[in-house]
Every structure is written in structure tokens, then in C-alpha cells.
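Please read the structure below before turning to the comments.
Numbers restart at 1 for each chain; the letters A, B, ... are given by sequence-line order, proteins then strands.
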Amino acid sequence: MRKNDFAHQVYKLVKKIPKGKVATYGQIAQQLGKPKAARAVGNALHQNPNPQKIPCYRVVDHLGKIAGNYAFGGGLMQKKQLRAEGIEFKDKNHLKLKYITIF
DNA sequence: TAGATGACTAATA
DNA sequence: CTATTAGCCATCT
């Protein structure tokens with residue numbers, strides 16, 4: 001394993017997502033220079049070597065929807081965490097698209 | 001090395 | 001709205 005893995009880049013970028021905002025897998029992939037690698041980004045987070053350092057709950061799909069119960073405390077906890085950061089939901093599973101951005 | 005898998009995205013019906 | 005098809009890319013077996 002090299003320290004400059006694709007996954008390593010993903011973690012680094014996810015950690016930089018500002019509070020109160022979220023990013024899509026596609027956006028992260030694009031920041032890495034591979035806009036088609038959204039799927040690979042999801043896989044990288046699935047490995048999730050540092051759930052305590054990586055705010056994977058700020059990463060959602062292109063509709064602002066939470067992936068599922070793969071995160072630290074489950075999908076429900078994830079939604080609560082997002083709401084605690086000032087992010088509002090459009091409905092039960094979809095965030096308001098205005099929050100989907102990096103920087 | 002090759003095939004299967006998945007926390008994706010887009011297009012189509 | 002949901003279901004299906006297809007393309008994409010890193011990781012796993």
C-alpha cells in the first residue's frame with residue numbers, strides 16, 4: 001500500500017469539507033481529477049480506515065441523499081449529525097441541494 | 001491477470 | 001415517481 005493511494009486522496013479531501021456543507025461523490029472525484037470515479041470514491045469511504053477523523057457523513061450522492069447505514073452510527077445518526085451542522089432536509093432522505101458544494 | 005462487486009451518475013422507459 | 005441499462009473506476013477474490 002502506498003501512502004498516495006486514490007483512497008488516501010479521498011480521505012484527505014473529505015476531511016476538508018467545511019462545516020455546514022456537503023459534497024457529492026462526483027464532486028470529490030472531480031476534485032481528484034477523475035470526474036467519473038464517483039464510484040471509486042464511494043468504495044474508498046466504504047473502507048473507511050478512520051471514521052473518527054473522516055466526516056463521511058458530509059458525503060452524499062448526487063441527489064443529496066444519504067448512502068445508507070454504512071456510516072459510523074447508521075443512517076439515522078448521520079442525518080442528525082448533518083442537521084446539527086445547520087444542514088436542512090428537503091424530505092426524509094434528501095438534503096436541500098443548496099448545501100451540495102465544496103469550498 | 002481476469003472477473004465480480006459497489007457508500008455513483010446519467011440516460012432511457 | 002420507480003425500474004432498467006449502461007459507463008465509469010478502485011478494490012476484492
Side-chain angles (χ1 to χ4, degrees):
Chain A
M1 292 280 276
R2 310 165 214 196
K3 50 182 177 157
N4 279 349
D5 245 339
F6 176 87
H8 179 267
Q9 305 273 6
V10 172
Y11 309 142
K12 202 164 166 184
L13 194 54
V14 169
K15 282 193 269 187
K16 289 178 177 176
I17 300 176
K19 186 172 189 276
K21 294 189 177 180
V22 299
T24 69
Y25 301 94
Q27 272 295 328
I28 293 171
Q30 191 170 10
Q31 290 298 312
L32 295 179
K34 299 182 177 181
K36 307 271 188 176
R39 220 165 172 171
V41 171
N43 279 336
L45 290 177
H46 192 198
Q47 295 180 186
N48 203 352
N50 290 37
Q52 303 186 350
K53 300 235 174 227
I54 303 171
C56 44
Y57 52 83
R58 289 190 189 140
V59 183
V60 295
D61 69 14
H62 70 121
L63 295 176
K65 196 171 155 197
I66 303 302
N69 297 338
Y70 290 89
F72 49 99
L76 183 60
M77 187 68 185
Q78 191 168 10
K79 292 178 197 169
K80 275 185 178 284
Q81 180 64 47
L82 288 170
R83 217 148 82 90
E85 297 196 352
I87 297 173
E88 304 172 273
F89 284 79
K90 180 196 251 192
D91 59 56
K92 200 167 198 263
N93 281 278
H94 297 73
L95 298 175
K96 292 190 178 178
L97 302 179
K98 56 196 275 193
Y99 298 107
I100 301 179
T101 175
I102 301 181
F103 304 130

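At a non-hydrogen distance threshold of 4.0 Å, nothing from residues 83-103 of chain A comes into contact with DNA chain B. Using a 4.0 Å cutoff on non-hydrogen atoms, the parts of residues 10-31 of chain A near DNA chain B are A/T24, A/Y25, A/G26, ordered by number.
Checked against ring-ring contact (aromatic ring centres under 6.0 Å, His included), A/Y57 has the following partners two or more places apart in sequence or in another chain: A/F72. Applying the ring-ring contact (aromatic ring centres under 6.0 Å, His included) rule to A/H46 yields the partners A/Y70; only residues at least two apart in sequence or on another chain are considered. Remark: A/Q52 pairs with no residue by the side-chain hydrogen bond (donor to acceptor under 3.5 Å, both in side chains) rule, at least two apart or across chains. In terms of the side-chain hydrogen bond (donor to acceptor under 3.5 Å, both in side chains) criterion, residue partners of A/D91 (sequence neighbours excluded) are, by chain and number, A/H94. Partners of A/R39 by side-chain hydrogen bond (donor to acceptor under 3.5 Å, both in side chains), not counting sequence neighbours: none found.
Here the closest heavy-atom approach between residue A/H62 and residue A/I100 is recorded as O-CD1, 4.4 Å. Taking each heavy atom of A/L45 and A/C56 in turn, the nearest pair found is CD2-CB, 4.4 Å. Residues A/A23 and A/I28 share a closest heavy-atom pair of CB-CG1, 4.1 Å.
A/A7 comes within 4.0 angstrom of the backbone, heavy atoms only, and of no base.
Pairs engaging residues 46-72 of chain A under the salt bridge (charged side-chain N to carboxylate O under 4.0 Å, His left out) rule: A/R58-A/E85 [sequence neighbours left out]. Pairs passing the side chain to side chain donor-acceptor pair (under 3.5 Å) check and including a residue from residues 16-27 of chain A, sequence neighbours excluded, do not occur.
Here the straight-line distance linking atom CG of A/L95 with atom CG of A/L63 works out to 10.5 Å at 0.5 Å rounding.
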With 3.5 Å as the limit, what N/O pairs link the protein to nucleotides 10-13 of chain B?
| residue | atom | partner | partner atom | Å |
| --- | --- | --- | --- | --- |
| B/dA10 | OP2 | A/H62 | ND1 | 3.1 |

Distances for protein N/O vs nucleotides 6-9 of chain C N/O pairs under 3.5 angstrom?
| residue | atom | partner | partner atom | Å |
| --- | --- | --- | --- | --- |
| C/dG7 | O6 | A/R39 | NH1 | 2.6 |
| C/dC8 | N3 | A/R39 | NH1 | 3.1 |
| C/dC8 | N4 | A/R39 | NH1 | 3.4 |

Which side-chain N or O atoms in residues 30-37 of chain A pair as donor and acceptor under 3.5 Å with protein atoms at least two apart or in another chain?
none

